[in-house]
Amino acid sequence: MLEEVERWLADRSWSAADRPLDQLLDRKRAAGTTVSVVLPALDEEATVGAIVEVIRRELIEGLPVPLVDELVVIDSGSADRTAEIAAKAGARVVHRDEILPRVPALPGKGEVLWRSLLATHGDVVCFVDADLRDFCATFVSGIVGPLLTDPDVQFVKAMYDRPLGDTPGQGGRVTELVARPLLNLHWPQLAGFVQPLGGEYAVRRSLLERLPFPVGYGVELGLLVDALHTVGLDALAQVDVGVRVHRHQDGQALGRMAAAIYRTAQVRLSRGHLVRPELTQFERGPEGFVPRTYPVDTEERPPMAGIEEYALRRVA
């Protein structure tokens with residue numbers, strides 16, 4: 001590991017317990033910083049309501065100063081009761097297609113995160129996946145904390161254990177097989193991140209609006225790499241928030257995720273032409289293995305700072 005990364009691990013890796021909630025509220029009140037929490041959601045009726053309830057109960061209601069000023073669920077076309085349950089639990093629910101309607105929406109998580117910048121106003125934007133079970137408020141307060149207490153920090157990722165079923169530490173298979181090797185080989189400054197693909201991270205809006213967003217599964221790796229090049233390693237940090245329990249994807253879905261992540265890395269390495277932005281996988285049918293070919297996400301959204309509607313909103 002690079003000496004720079006060893007130093008970074010000592011200086012920029014914390015535990016959520018290092019910053020008690022009362023300390024964060026004092027700093028927030030003094031600085032006047034506003035915080036938006038965004039949950040991108042697609043068919044998450046089983047979990048989204050409990051997450052919203054915990055955030056409202058522990059980080060908004062009954063506090064002298066709410067830690068979270070804005071709690072928004074961006075629904076990207078759920079066929080279940082995700083939007084209804086989230087609204088009933090106390091979130092503001094916005095449909096992806098209602099944001100920036102002049103630009104047709106593309107499928108993908110990164111598309112939702114990019115559009116969320118137009119649907120929120122906080123100085124700090126905190127993303128939380130909507131499929132988490134046994135959710136704890138420290139997933140938000142832990143990663144928001146450094147941004148409220150240290151003006152030099154601009155991007156904070158959560159780190160945690162990821163069990164696979166009853167087996168501890170075996171979750172995050174795409175991280176271990178794809179993302180971690182890519183980062184260690186090509187961006188060794190980022191080798192200290194425990195969960196580089198994790199969906200829980202908080203970022204200053206002033207940085208997010210300057211970054212391009214891959215529209216699909218590559219968004220987490222893309223934002224992390226681009227943040228490194230934009231603000232440098234010392235502006236990045238990570239916070240231990242405990243254990244992350246969520247729904248796991250099957251092997252085929254993980255393959256598609258891995259292809260999108262590899263593509264995101266390739267573009268950042270070369271900004272060159274993709275020879276074949278497709279992935280063929282195999283499924284066994286009655287007469288043997290059947291090939292199924294899927295497109296790999298190739299679209300990226302430009303930095304939000306260059307979008308006319310966003311600029312006009314800031315002037316207003």
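Keep in mind that the numbers below use all heavy atoms, side chains included, and drop hydrogens, waters and symmetry copies. Keep in mind that this is a model prediction, so the values were computed, not measured.
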K.L.:
Between Asp150 (side chain) and Pro146 (backbone), is there a donor-acceptor pair under 3.5 Å?
P.N.:
no

K.L.:
Testing the 3.5 Å rule here: is there a donor-acceptor pair between the side chains of Thr230 and Arg210?
P.N.:
no

K.L.:
Quick one: does any side-chain atom of Thr47 pair with a main-chain N or O of Ala130 as donor and acceptor, under 3.5 Å?
P.N.:
yes

K.L.:
If we only count heavy atoms from C-beta on, is the Pro212 to Arg268 side-chain gap below 4.5 Å?
P.N.:
yes

K.L.:
Looking at side-chain heavy atoms only, is the closest gap between Arg244 and Asp129 below 4.5 Å?
P.N.:
yes

K.L.:
Look at Arg7 together with Glu3 and state whether they make a salt bridge at an N to O cut-off of under 4.0 Å.
P.N.:
no

K.L.:
Give the cluster check for Leu25 versus Val156: same hydrophobic cluster or not, with ILVMFWY residues linked at side-chain heavy-atom distances below 4.5 Å.
P.N.:
yes

K.L.:
Do the side chains of Val215 and Leu208 join up, straight or via other hydrophobic residues, at under 4.5 Å, putting them in one cluster?
P.N.:
no

K.L.:
So, using side chain to side chain donor-acceptor pair (under 3.5 Å) as the criterion, who are the partners of Thr175 when residues are at least two apart?
P.N.:
none

K.L.:
Hey, could you give me each pair passing ring pair (Phe, Tyr, Trp, His ring centres under 6.0 Å) that has a residue in residues 77-110? Not counting sequence neighbours.
P.N.:
none

K.L.:
Is there a donor-acceptor pair closer than 3.5 Å between any side-chain N or O of Trp114 and the backbone N or O of Pro214?
P.N.:
no

K.L.:
For residues Leu9 and Glu6, determine if any side-chain heavy atom of one lies less than 4.5 Å from a side-chain heavy atom of the other.
P.N.:
no

K.L.:
Share the residues that join Leu185 in a hydrophobic cluster, the rule being Ile, Leu, Val, Met, Phe, Trp or Tyr side chains under 4.5 Å apart at the heavy-atom level.
P.N.:
none

K.L.:
Would Arg96 and Glu111 pass as an ion pair if we require N to O under 4.0 Å?
P.N.:
no

K.L.:
Using side-chain heavy atoms (C-beta onward) and a distance below 4.5 Å, is Leu106 in contact with Arg301?
P.N.:
yes

K.L.:
Indicate yes or no: does Asp123 engage Lys28 in a salt bridge with an N to O separation below 4.0 Å.
P.N.:
no

K.L.:
Tell me, please, which residues at least two apart from Glu61 pass salt bridge (charged side-chain N to carboxylate O under 4.0 Å, His left out).
P.N.:
Arg56

K.L.:
Check Glu220 with Lys157, please: is the shortest side-chain N to carboxylate O separation under 4.0 Å?
P.N.:
no

K.L.:
Under the rule for ring pair (Phe, Tyr, Trp, His ring centres under 6.0 Å), what residues qualify as partners of Trp8, not counting sequence neighbours?
P.N.:
Phe193

K.L.:
State, without any angle test, whether Arg205 and Thr120 hold a side-chain donor-acceptor pair at a distance under 3.5 Å.
P.N.:
yes

K.L.:
Kindly say whether Leu100 contributes a backbone atom to a donor-acceptor pair with the side chain of Arg115 at under 3.5 angstrom?
P.N.:
yes

K.L.:
Considering residues at least two apart in sequence or located in another chain, which fulfil the ring pair (Phe, Tyr, Trp, His ring centres under 6.0 Å) criterion with Phe127?
P.N.:
Tyr201

K.L.:
Given Phe213, which of Asp226, Val112, Leu223 fulfils the side-chain contact (heavy atoms from CB on, under 4.5 Å) condition?
P.N.:
Leu223

K.L.:
Can you find a heavy atom in the side chain of Phe139 that is under 4.5 Å from one in the side chain of Val54?
P.N.:
no

K.L.:
Any non-hydrogen side-chain atom of Ile74 less than 4.5 Å from a side-chain atom of Ile99?
P.N.:
yes

K.L.:
Out of curiosity, does Met159 fall in the hydrophobic cluster containing Leu183 (side-chain heavy atoms, cut-off under 4.5 Å, transitive links)?
P.N.:
no

K.L.:
Taking Gln238 for its side chain and Val194 for its backbone only, find out whether a donor-acceptor pair lies under 3.5 Å.
P.N.:
yes

K.L.:
Is there a side-chain contact between Trp187 and Leu224 (heavy atoms, below 4.5 Å)?
P.N.:
no

K.L.:
Could you state whether Leu254 and Val219 fall into the same hydrophobic cluster, counting links through intermediate Ile, Leu, Val, Met, Phe, Trp or Tyr residues with side-chain heavy atoms under 4.5 angstrom apart?
P.N.:
yes

K.L.:
Closer than 3.5 angstrom, by distance alone: can the side chain of Arg19 be matched with the main-chain N or O of Leu24 as a donor-acceptor pair?
P.N.:
no

